[in-house]
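Residue numbering restarts at 1 for every chain, and letters A, B, ... go by the order of the sequence lines. Note that the structure is predicted; figures quoted are calculated from it, not measured.
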Amino acid sequence: MSVRVRYAPSPTGSPHVGNVRTAIFNWLFARHEGGEFIARLEDTDRDPARYRPESIQDIETSLNSLGITPDEWWVNKEPSGYVQSERLPFYQAAAQELIDKGHAYPCFCTTERLTQMREEQQSRGVPSGYDRRCRRLSPADRERYISEGMQYTVRLAVPLEGKTTYNDLVYGEITFENKLIDDQVLLKSSGWPTYHLAVVVDDHAMGITHVIRGEDWLPSTPKQILLYQMLGYEQPKWIHAPLIVGTDKKKLGKRHGSTKFVEFIEQGYLPDALFNFLILCGWSAGDENRELFTKEEIVERFTLQGISKSAAVFDYEKLKWMNGSYIRSYSTEKLVALCMPYLVKAGTVSEPISSETTAYLAQVFPLVAERMKLLTEAPALVEFFFNDPTEYEDKGKRKWLTGEEAQNRISKAIEVFSNADGEWTIENAELATNKVVELTGSERGPIIHTLRTSITGRTVGPGLFETIAVLGKDCVVRRLHNALAAVTIVENAE
RNA sequence: GGCGCCAUCGUCCAGCGGUCAGGACGGGGGGUUCUCAGCUCUCAAACCGGGGUUCGAUUCCCCGUGGCGCUACCA
């Protein structure tokens, strides 16, 4: 049978990277096995404090931008098959079936009683869980309560004896004592299902063969296995993947900084880099000792055996390095296109983008690409290629734009560059600079630094000759004049 | 508290009874050079503790310790 896996996000917020990593694992497994990747919206929690319908957009964006668009989901199919809120009758039917078979029972306990019971159990230090009072109700009482219109939930009648064992394809054989499993609520008093019921009904309905999810779901797996057995469904294979945690080793959350996938995109991270980085959190290609992979290479190598068991600390530094690595691997054309929104937003260029600007950008970007780690850094990096410096970096001004020596260097440079004939190339820029070195009798280093500060306003940046070549003669001469005017003469240099 | 899972450099991973315990990020140092970055070379850095099993344990088993997860009419 062909592999069918799913990603089942809940619209309670924008997906965070741990969640997305699991989606990627599912996608990868489907692709590697030639199966289908499905997404299903688990929107059975209607508590206004948690329900965030607007996060559905982020779910779709995250999946699409990573290039792991599901083969089947509410976007390209009828929502009724892929959105749980449209499938209520199925869960209710399953709950009724369980009641009929004696595997579930109505529970009339109030929230107040439940809360009180839990608090008491905790204060006494005994295991918490439902005391199964309603499970012992006589059929007559049940009938009466229901006919009186009392609100009730439906609970799973967990076997009081025996064990539930399953073989996790990552964690191995895991056993739970049935008597320690809580009589889980399956149907809320509102008639909506809880996760446990809905996930089982739908995974079965959709023919899911492998459940790949975060390790935080591992302890609830026996409840679902029980449901599969009671409903007479064939169980899927279970695969739990290690959590992604913060530096404090705790499950990734708001306090760890950016954790939402879309936030990383906004900050200038590339989907390709994120994809590559994320699969390395909890998976490895084995003894290949490599970490930069194309998506195709990963699909080829992805196996469940490569999934590790221990939680992975999310290393922002390494992600940043990897992002820079991807940026450097991109063609100039691609990189310019990727950076364009940021340049427009910063006002570096304005729309519509002229073909001159595009051509200019194509010359500029090779010079700054290797210094870029985030796309958001582009505007600052290319700033001086578009605008004459209005001020000079403090350190540069003090060191290179101060005193008669500086004045002399810049004057000579103006002379040399404005009289330059022949082609305006990198080679000729260097030759011209050498000429200034000769004329001033200074050393080459200081001349270069003086010129860089004069022309770019900064002490760090791309190679000077390349910069001069791209900027063009008029621009360079103009900036040199400006710099000359900005040189400060001090009587007693400190 | 109960139940479950996990445990190799600071971090991510490799290792699947015998290795100088390997790679990457980060850190240190060198080279390239006009700065920064990049590239490149190089150094430091780890098998949680205790018992077993075995000729031999980082590796297999048990216990301890530690960390994490779950313990809702949330997923």
K.L.:
Consider the side chain of A:V460, meaning its heavy atoms from C-beta on, and name the nucleotide among B:C5, B:C74, B:U35 that approaches it most closely.
P.N.:
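Closest nucleotide among those given: B:U35.
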K.L.:
In whole Å, I'd like the distance from the NZ atom of A:K251 to the P atom of B:A75.
P.N.:
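These atoms are roughly 14 Å apart.
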K.L.:
Side chain of A:L180 only, please: which of B:C12, B:C68, B:C3 is the nearest?
P.N.:
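Nucleotide nearest to A:L180's side chain: B:C3.
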K.L.:
Using whole Å, report how far NZ of A:K249 lies from C1' of B:G10.
P.N.:
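After rounding, the reported distance stands at 9 Å.
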K.L.:
Strictly below 4.0 Å: does A:S284 bring a side-chain N or O up to OP1 or OP2 of B:A14?
P.N.:
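Indeed, a polar side-chain atom of A:S284 lies that close.
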K.L.:
On RNA chain B, compare the nucleotides closest to A:G282 and A:L218; which residue's is nearer the 5' end?
P.N.:
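Nearest nucleotide further toward 5': that of A:L218.
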K.L.:
OP1 or OP2 of B:C12 versus the side-chain N and O atoms of A:S308: is any pair under 4.0 Å?
P.N.:
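Answer is no, no contact under 4.0 Å.
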K.L.:
Looking at the base of B:C73, is there any donor atom on it, or on the side chain of A:S190, that sits under 3.5 Å from an acceptor on the other one?
P.N.:
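Checked by distance alone, the answer is no.
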K.L.:
Any donor and acceptor pair, going by atom type alone, linking the side chain of A:D183 with main-chain N or O of A:R155 inside 3.5 Å?
P.N.:
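Checking the backbone N and O of A:R155 against the side chain of A:D183, no donor-acceptor pair under 3.5 Å is found.
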K.L.:
Report yes or no: is there a donor-acceptor pair, N or O only, under 3.5 Å between the side chain of A:N289 and the base of B:G22?
P.N.:
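Such a pair is found, so the answer is yes.
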K.L.:
Is a side-chain donor-acceptor pair under 3.5 Å present for A:T194 with A:Q184?
P.N.:
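Absent: no donor and acceptor within the cut-off.
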K.L.:
Does A:R444 get its side chain close enough to the base of B:C34, under 3.5 Å, for a donor-acceptor pair?
P.N.:
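Looking at the base of B:C34, it does not pair with any donor or acceptor on the side chain of A:R444 (distance under 3.5 Å).
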K.L.:
For B:A75 and A:K188 - does any side-chain N or O of the residue sit under 4.0 Å from the phosphate oxygens OP1/OP2?
P.N.:
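Yes, A:K188 has a side-chain N/O under 4.0 Å of OP1/OP2 on B:A75.
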K.L.:
Nearest-Å distance, CD (A:E377) to P (B:C36)?
P.N.:
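Atom CD in A:E377 sits about 17 Å away from atom P in B:C36.
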K.L.:
Answer yes or no: does a side-chain N or O of A:K318 lie under 4.0 Å from OP1 or OP2 of B:U11?
P.N.:
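Looking at the OP1 and OP2 atoms of B:U11, neither is under 4.0 Å from any side-chain N or O of A:K318.
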K.L.:
Could you check which of B:A75, B:G10, B:C36 has an atom nearest any side-chain atom of A:R371?
P.N.:
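For A:R371, the side-chain atoms sit closest to B:C36.
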K.L.:
Could you please name the option among B:C34, B:C13, B:C5 that lies closest to any side-chain atom of A:Y171?
P.N.:
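Nearest to the side-chain atoms of A:Y171, counting from C-beta on, is B:C5.
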K.L.:
Ignoring backbone atoms, establish whether A:R50 has a side-chain N or O less than 4.0 Å from OP1 or OP2 of B:A75.
P.N.:
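For B:A75, neither OP1 nor OP2 has a side-chain N or O of A:R50 closer than 4.0 Å.
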K.L.:
So, is A:K179 close to the B:C3 phosphate, meaning a side-chain N or O under 4.0 Å from OP1 or OP2?
P.N.:
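No, no such contact exists.
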K.L.:
Now, which nucleotide makes the Watson-Crick or G-U wobble pair with B:A72, with each of the two distances under 3.5 Å?
P.N.:
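Across any shown strand, B:A72 pairs with none.
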K.L.:
Exactly one of A:K237, A:H240, A:K309 should register a side-chain hydrogen bond (donor to acceptor under 3.5 Å, both in side chains) with A:D168. Which one does?
P.N.:
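With A:D168 as partner, side-chain hydrogen bond (donor to acceptor under 3.5 Å, both in side chains) holds for just one option, A:H240.
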K.L.:
Can A:E393 and A:K399 be counted as an ion pair, charged N to O under 4.0 angstrom?
P.N.:
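Salt bridge flag = no for A:K399 with A:E393.
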K.L.:
B:C73 phosphate, OP1 or OP2: any side-chain N/O from A:R46 under 4.0 angstrom?
P.N.:
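No, A:R46 has no side-chain N/O under 4.0 Å of OP1/OP2 on B:C73.
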K.L.:
If you check every side-chain atom of A:W217, which of B:A37, B:A75, B:C73 has the closest atom?
P.N.:
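It is B:A75.
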K.L.:
Whole Å only: how far is the CZ atom of A:R452 from the C1' atom of B:A37?
P.N.:
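For the pair A:R452 CZ and B:A37 C1', the rounded distance is 11 Å.
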K.L.:
Look at the side chain of A:E370 and decide which nucleotide, out of B:A75, B:G38, B:C73, has an atom nearest to it.
P.N.:
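That would be B:G38.
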K.L.:
Taking atom types as modelled, is there a side-chain donor on A:D43 or A:S85 under 3.5 Å from an acceptor on the other?
P.N.:
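Yes, because at least one side-chain N or O of A:D43 sits under 3.5 Å from a partner of the opposite role on A:S85.
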K.L.:
Between B:A75, B:G26, B:C68, which nucleotide has the shortest distance from any of its atoms to the side chain of A:K250?
P.N.:
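Comparing B:A75, B:G26, B:C68 against the side chain of A:K250, the answer is B:C68.
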K.L.:
With a 4.0 Å cut-off on heavy atoms, is A:F176 in touch with a base, just the backbone sugar-phosphate, or nothing at all?
P.N.:
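The answer is sugar-phosphate, as A:F176 gets under 4.0 Å only of primed atoms, P, OP1 or OP2.
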K.L.:
Of the nucleotides B:C74, B:A72, B:C6, which one has an atom closest to the side chain of A:S310?
P.N.:
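Among the listed nucleotides, the one closest to the side chain of A:S310 is B:C6.
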